[in-house]
Enquirer: 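Once you've had a glance at the structure underneath, I'll fire off some questions.
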Amino acid sequence: MAKAQEKKPGFFAQIKQIGLVFKFTAKADRWFMPLVAAAVLIPLALTVVAALLWGWVAIPLGIMIILLAVLIVLNLRSNSAMMNSMEGQTGAAVQLISNMRGDWRVNVEKPLAMHMDKAQSALNQMDVVHAVIGRPGVILIAEGQPHRLRQMLGEQKRRLGKVIGDAPLYDYIIGNEEGQLPIRKLRMTLLRLPRNLSGKEVNQLDKALTALTARPTMPRGQLPKDLRPPKGAMRQMRGR
């Protein structure tokens with residue numbers, strides 16, 4: 001579940017990333033381009049006035065202010081556009097956590113539990129519970145239908161209680177209804193949690209949960225006849 005060590009992108013890669021974010025935000029947010037125009041024109045007008053009063057020395061400062069204003073607008077509006085695009089998307093919350101700075105560990109592709117019915121399959125949705133490990137402890141992130149998620153969370157709490165010991169356990173259902181955590185507030189909520197564990201304890205929890213999620217789980221209820229082992233097979237396995 002541990003994150004791979006991230007390699008810092010080079011200068012040209014960063015410029016390319018900024019360009020992609022700019023295009024995405026311009027497409028998703030109708031107020032972005034007017035705000036960018038204002039961020040350019042207002043400092044530009046002030047720079048012209050300053051250049052007339054104090055000479056060309058005001059020009060480099062004006063250019064820096066214009067660039068800073070555009071980057072501030074880009075940062076604010078791109079975050080808003082990204083959150084809007086994530087609303088209601090199953091898996092968006094853990095994707096957000098996986099890209100957060102700090103020691104946050106989550107296996108995006110392997111949730112603790114999942115459920116999908118025919119209606120959800122048609123909408124390409126499902127109910128999922130992911131386990132996130134960090135300095136606060138173990139955090140369960142649930143996405144999907146709240147009435148099913150509460151039962152799934154209860155089951156996973158009992159399951160995790162056997163392996164996490166005294167480590168703090170938090171749980172959140174992502175959504176905008178009462179008692180749920182909006183995805184917009186997820187990052188700040190996690191960052192405000194107390195740092196209860198040391199780095200060594202985080203590693204130990206990571207190993208314990210990795211071993212737990214690696215175990216195959218059997219479906220509930222009576223097995224179909226085709227899947228039942230033949231008579232005497234279990235006795236033979238015990239004797240090995």
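As a basis for the values below, the full set of heavy atoms in this structure was taken, side chains included, without hydrogen atoms, waters or symmetry mates.
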Enquirer: Could you measure the distance from the CG atom of Leu20 to the NZ atom of Lys23? Nearest 0.5 Å is fine.
Expert: 6.5 Å
Enquirer: I'd like to check Arg105 versus Ile97 (side-chain heavy atoms, cut-off strictly below 4.5 Å). Are they in contact?
Expert: no
Enquirer: Between Arg158 and Glu155, is any pair of side-chain heavy atoms under 4.5 Å apart?
Expert: yes
Enquirer: Are Val21 and Phe32 joined in one hydrophobic group, where the rule is that I, L, V, M, F, W and Y side chains link up if heavy atoms are under 4.5 Å apart?
Expert: yes
Enquirer: Have a look at Leu149 and tell me which of Gln145, His147, Gln151, Met152 forms a side chain to side chain contact (heavy atoms under 4.5 Å, CB included) with it.
Expert: Met152
Enquirer: Let me confirm one number: the CG-CZ distance from Leu191 to Arg101, rounded to the nearest 0.5 Å.
Expert: 11.5 Å
Enquirer: Between Phe22 and Met33, is there a side-chain heavy-atom distance shorter than 4.5 Å?
Expert: yes
Enquirer: With sequence neighbours left out, what residues match Glu177 under side-chain contact (heavy atoms from CB on, under 4.5 Å)?
Expert: Pro146, Gln180
Enquirer: Ile164 versus Leu209: any side-chain heavy-atom pair under 4.5 Å?
Expert: yes
Enquirer: Can you confirm whether Leu190 sits close enough to Met100 that some side-chain heavy atom of one is under 4.5 Å from a side-chain heavy atom of the other?
Expert: yes
Enquirer: Is there a path of hydrophobic side-chain contacts, each under 4.5 Å between heavy atoms of I/L/V/M/F/W/Y residues, joining Leu46 to Leu53?
Expert: no
Enquirer: Give every donor-acceptor pair under 3.5 Å between a side-chain atom in residues 54-77 and any protein atom, sequence neighbours left out.
Expert:
{"unit_1": "Arg77", "atom_1": "NE", "unit_2": "Asp29", "atom_2": "OD2", "d": "2.6"}
{"unit_1": "Arg77", "atom_1": "NH2", "unit_2": "Asp29", "atom_2": "OD1", "d": "3.2"}
{"unit_1": "Arg77", "atom_1": "NH2", "unit_2": "Asp29", "atom_2": "OD2", "d": "3.0"}

Enquirer: Taking salt bridge (charged side-chain N to carboxylate O under 4.0 Å, His left out) as the definition, give me every residue that meets it alongside Lys157, ordered by chain and number, with sequence neighbours left out.
Expert: Asp171
Enquirer: Take Asn107 and His130 through the side chain to side chain contact (heavy atoms under 4.5 Å, CB included) test and state the conclusion after the steps.
Expert: CA-CA 8 Å; Asn107 190 332; His130 279 89; 5.8 Å; no
Enquirer: Applying side-chain hydrogen bond (donor to acceptor under 3.5 Å, both in side chains) as the test, list every pair that has at least one member in residues 186-202; sequence neighbours left out.
Expert: Tyr170-Asn196, Ser198-Glu201
Enquirer: Do Val129 and Pro111 have side chains that approach each other closer than 4.5 Å (heavy atoms only, starting at C-beta)?
Expert: no
Enquirer: What residues form a side-chain contact (heavy atoms from CB on, under 4.5 Å) with Pro182, not counting sequence neighbours?
Expert: Asn176, Lys185
Enquirer: For residues 131-142, which side-chain donor-acceptor pairs fall under 3.5 Å, sequence neighbours excluded?
Expert:
{"unit_1": "Arg135", "atom_1": "NE", "unit_2": "Leu197", "atom_2": "O", "d": "2.5"}
{"unit_1": "Arg135", "atom_1": "NH2", "unit_2": "Leu197", "atom_2": "O", "d": "3.3"}

Enquirer: Let me check something: do Ile42 and Val49 share a hydrophobic cluster, defined by ILVMFWY side-chain heavy atoms less than 4.5 Å apart, either directly or through other members?
Expert: no
Enquirer: Is Leu181 reachable from Trp104 through a run of hydrophobic residues whose side-chain heavy atoms are each under 4.5 Å from the next?
Expert: yes
Enquirer: Is it the case that the side chain of Glu143 and the backbone of Ile174 share a donor-acceptor pair, with hydrogens and angles ignored and the cut-off at 3.5 Å?
Expert: no
